[in-house]
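Working notes, structure below.
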Amino acid sequence: MNKQGHVAAAVFTGSAMVALSPLIDVQAGFLPLSLFMGMAVVGGLAPDIDHKSSTASQIIQLSRKKRKWLRGISIFLIGVGAVLLGLQAGLPITSLSFPLYSQIELVSRSWPLWIGAGLLAAVLARLRVMVLTGIGALLLVGYMLYDWHWIASFAGLSLLLVPLLSHRGFIHTPEFGLILTIGLTSFASEQSLMIMYLALGFITGWWTHLIADSLGSEGIHSQILPKLKLALRLVKNGSRKEKRLAHLCWVFSIVIWAMLLIQLVY
């Protein structure tokens, strides 16, 4: 499914959870329910972080055109810096003060600025990788130094590996979803109600994404048994059937919330 389909499915599943699940109290208040629904949408998009052009990835990276431009600028700036460094190293050591010599020497000393700017451009061109690895490293450091919950180490290691994984690889397996569910539930059970609703919303959206992907031709597979694959081939990505399914999800979500509001009022 594309972004519209995953968002609609996540909203519908989250709405159904609010209406039917004993874990969610419909009378908890506006803020907890809003956090739950918001995280359901985030969780519904999050598994596609392993795809460079997905909505989840686009949030933490620049457009393809800008990334290409930055890579070219990076090569140019680092190249100029390297030339200036070589020029400075090759200048003769002299106490003579010729105007041209002084100007060349002054320009050659700027090589760290050129190389630094080039490295910065290279980082911006690979912002997605830097963000993922940076957050992953922070989670691992928190787990090792500050005794954070074990889900922090699992999430940190996963984020470090995401840039190396193929789309619909380990991130899209039921095993990953199961570990994530156990870890987040275990962590949230020790926290406040708000944290619990955030965790439940994210888990709801994550599993909704996997179920939605199983409706397509690519489907999802097991990590333990790679040949075990669930691909129902009911919906093609971007097809009219997917759009109709998304519209139905929105209609059912509106109906559910209308019924909940009537229940609260009366």
Side-chain angles (χ1 to χ4, degrees), residues 6 10 13-14 17 21 23-24 28 31-32 34-62 119-120 122-211 213 220-226:
H6 280 305
T13 308
M17 284 283 291
S21 175
L23 298 175
I24 308 297
L31 182 57
S34 298
L35 292 176
F36 172 81
M37 292 301 299
M39 287 306 293
V41 173
V42 172
L45 296 174
D48 279 343
I49 196 69
D50 60 0
H51 195 292
K52 293 181 180 180
S53 61
S54 68
T55 300
S57 291
Q58 293 302 325
I59 295 175
I60 56 175
Q61 72 178 355
L62 301 175
L119 293 175
L120 178 60
V123 168
L124 291 175
R126 298 182 63 82
L127 185 60
R128 170 178 172 269
V129 175
M130 296 301 171
V131 170
L132 292 175
T133 54
I135 297 176
L138 287 175
L139 289 173
L140 287 176
V141 169
Y143 171 74
M144 291 185 292
L145 298 183
Y146 302 103
D147 196 29
W148 287 1
H149 193 276
W150 64 263
I151 191 61
S153 65
F154 177 75
L157 184 59
S158 299
L159 289 174
L160 289 176
L161 293 177
V162 162
L164 306 177
L165 299 175
S166 59
H167 181 45
R168 297 203 180 184
F170 177 56
I171 297 295
H172 278 74
T173 62
E175 291 86 350
F176 185 94
L178 182 60
I179 296 173
L180 189 67
T181 300
I182 295 173
L184 287 178
T185 304
S186 173
F187 167 74
S189 63
E190 305 170 355
Q191 309 300 321
S192 65
L193 179 66
M194 296 293 187
I195 300 299
M196 173 60 79
Y197 275 36
L198 286 171
L200 290 175
F202 190 82
I203 293 169
T204 298
W206 191 280
W207 281 104
T208 301
H209 185 107
L210 297 186
I211 294 172
D213 278 350
I220 59 174
H221 68 277
S222 168
Q223 182 67 27
I224 299 175
L225 301 172

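The figures here come from the full heavy-atom set of this structure, side chains too, leaving out hydrogens, waters and symmetry mates.
- Looking at residues two or more places apart in sequence or on another chain, you find a side-chain hydrogen bond (donor to acceptor under 3.5 Å, both in side chains) between Ser54 and Ser57.
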Can you give the donor-acceptor pairs under 3.5 Å from side chains of residues 155-165 to other protein atoms, not counting sequence neighbours?
unit_1, atom_1, unit_2, atom_2, d
Ser158, OG, Phe154, O, 2.7

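- With sequence neighbours excluded, the residues satisfying salt bridge (Lys or Arg N to Asp or Glu O under 4.0 Å) with Arg168 are Asp213, Glu218.
- By the ring-ring contact (aromatic ring centres under 6.0 Å, His included) test, His6 pairs with His209, sequence neighbours left out.
- Remark: Phe202 pairs with Trp206 by the ring-ring contact (aromatic ring centres under 6.0 Å, His included) rule, at least two apart or across chains.
- With sequence neighbours left out, Ala122 forms a side chain to side chain contact (heavy atoms under 4.5 Å, CB included) with Ser74.
- Remark: Thr208 pairs with Thr13 by the side-chain hydrogen bond (donor to acceptor under 3.5 Å, both in side chains) rule, at least two apart or across chains.
- Remark: Leu119 engages Ile78, Ile115 in a side chain to side chain contact (heavy atoms under 4.5 Å, CB included) (not counting sequence neighbours).
- Taking the side chain as every heavy atom from C-beta outward, Asp48 and His172 approach each other to under 4.5 Å.
- Remark: Leu23 pairs with Ser21, Leu200 by the side chain to side chain contact (heavy atoms under 4.5 Å, CB included) rule, at least two apart or across chains.
- For Ser222, the side-chain hydrogen bond (donor to acceptor under 3.5 Å, both in side chains) test picks out Glu175, with sequence neighbours left out.
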Side chains of residues 179-195: which donor-acceptor partners sit under 3.5 Å, not counting sequence neighbours?
unit_1, atom_1, unit_2, atom_2, d
Thr181, OG1, Gly177, O, 2.7
Thr181, OG1, Trp207, NE1, 2.7
Thr185, OG1, Thr181, O, 2.6
Ser186, OG, His149, NE2, 3.0
Ser189, OG, Thr185, O, 3.4
Ser189, OG, Ser186, O, 2.7

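- Applying the salt bridge (charged side-chain N to carboxylate O under 4.0 Å, His left out) test to residues at least two apart or on different chains, none of the pairs has a partner in residues 140-166.
- Shortest non-hydrogen contact noted between Leu210 and Thr173 is CD1-O, 4.0 Å.
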